[in-house]
Amino acid sequence: MSNAGYLPVRELVAHHASLPDVDASRIIMTAGAAGALALALRTFADPGEEVLVLPPYFPEYVGYCRAARLKPVFAPLSNAGPYFDVGRFQEAISGRTRIVLLNTPVNPTGHVLSEQELSTLADTLDETNRRRRRPIVLVVDEVYHRVVFGPAAHLCPLLQHHPTVLARSFSKDFGLAGERLGYLVLDPLFDTRVVVPGIEHWQRALGFVNAPATAQRALLHLADWRVDLQPLRRAREEAYAAFSSAGLDVLMPDAGLYIFARTPTTDSGAFVAALASGGIFVVAGESFGAPGWFRACFARKLEVIRAAGVGVARLLDREAH
Ligand SMILES: Cc1ncc(COP(=O)(O)O)c(C=O)c1O
């Protein structure tokens, strides 16, 4: 096998990805989406350069950038809510920006970027790239692209903007995070004779060498790639109801595994700590670059979700008296 993975597996992945002009030569099998991002960051930027991270963001991005000796720079949040300000994100672009790192659907909010948001983002990057010798590469973490609750629909940024690289995995839709299997999709604009050996170099240099072989081959034996989202949809609705009836301001996620809610006090750390002392473990918005919010995972049994709602209501009630 080449460092990029088994050819029949890459062919199958290209078939399922079904993106224009993307064949097996543009698919690189990786150690999860985390491995895919580690390769992309090192292939498309050099040490000391900047990665523009769009908030709210997966907290691990900071470590991924620093490990690659890249500087994470954060775009501003919108005043309207926990979304990056698509009209202002370019303010954070500098001459050293090499990559814009986007996550859609978004962990932690479950927001799916709209066509309007994507086209504004694409137009702004096109405009910036016209003035550059080396274009900024849009790296998109699409780890939740198959965990989307209709009628919402995920739009793949590779269809709207070039050059774009997608990082995907089987961790969330197939629940296989432990198998460490994911893949990169390379933009049809790239010369694969140049880019693929660069990525393969990083597979070896980082010590992954290739994505896990048995997990790759297992893909060839799946009858189909359909995912039953019904249990998750139920859990999402239960979590939304539990937290909003407890009195919280909650965003209904269109995708992913998380509920994002406003903390009722300005000190979100204290609120999260108070919940933890009652056995309810959530993550403060500060970790995602969105203070004043917190994230709760709803990939849990319904009775656990309901009990969390009761615990939150009790805490709010205690704080009110
Ligand atoms: C937004 C996001 N990106 C990447 C990852 C890492 O995914 P993987 O397990 O496929 O490496 C996660 C895992 O939680 C995630 O939420």
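For reference, positions follow the sequence shown, starting with 1. Read the numbers this way: they start at 1 and go in the same order the structure lists the ligands and their atoms.
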### Message
For a quick check: using heavy atoms under 4.0 Å, what are the residues in contact with ligand 1, sorted by chain and number?
### Response
Gly32, Ala33, Ala34, Phe58, Asn103, Asn107, Asp141, Val143, Tyr144, Ser169, Ser171, Lys172, Arg180
When you check the gap from the basic side-chain N to the acidic O, do [X] and [Y] get nearer than 4.0 Å?
{"X": "Glu49", "Y": "Lys71", "answer": "no"}
{"X": "Arg134", "Y": "Asp46", "answer": "yes"}
{"X": "Glu91", "Y": "Arg88", "answer": "yes"}
{"X": "Arg96", "Y": "Glu50", "answer": "no"}

### Task
Output all residues satisfying salt bridge (Lys or Arg N to Asp or Glu O under 4.0 Å) with Asp187, sequence neighbours left out; order by chain, then residue number.
none
### Task
Test the Arg295-Phe260 pair against the cation-pi criterion, namely NZ or CZ under 6.0 angstrom from the six-membered ring centroid and within 45° of the ring axis.
no
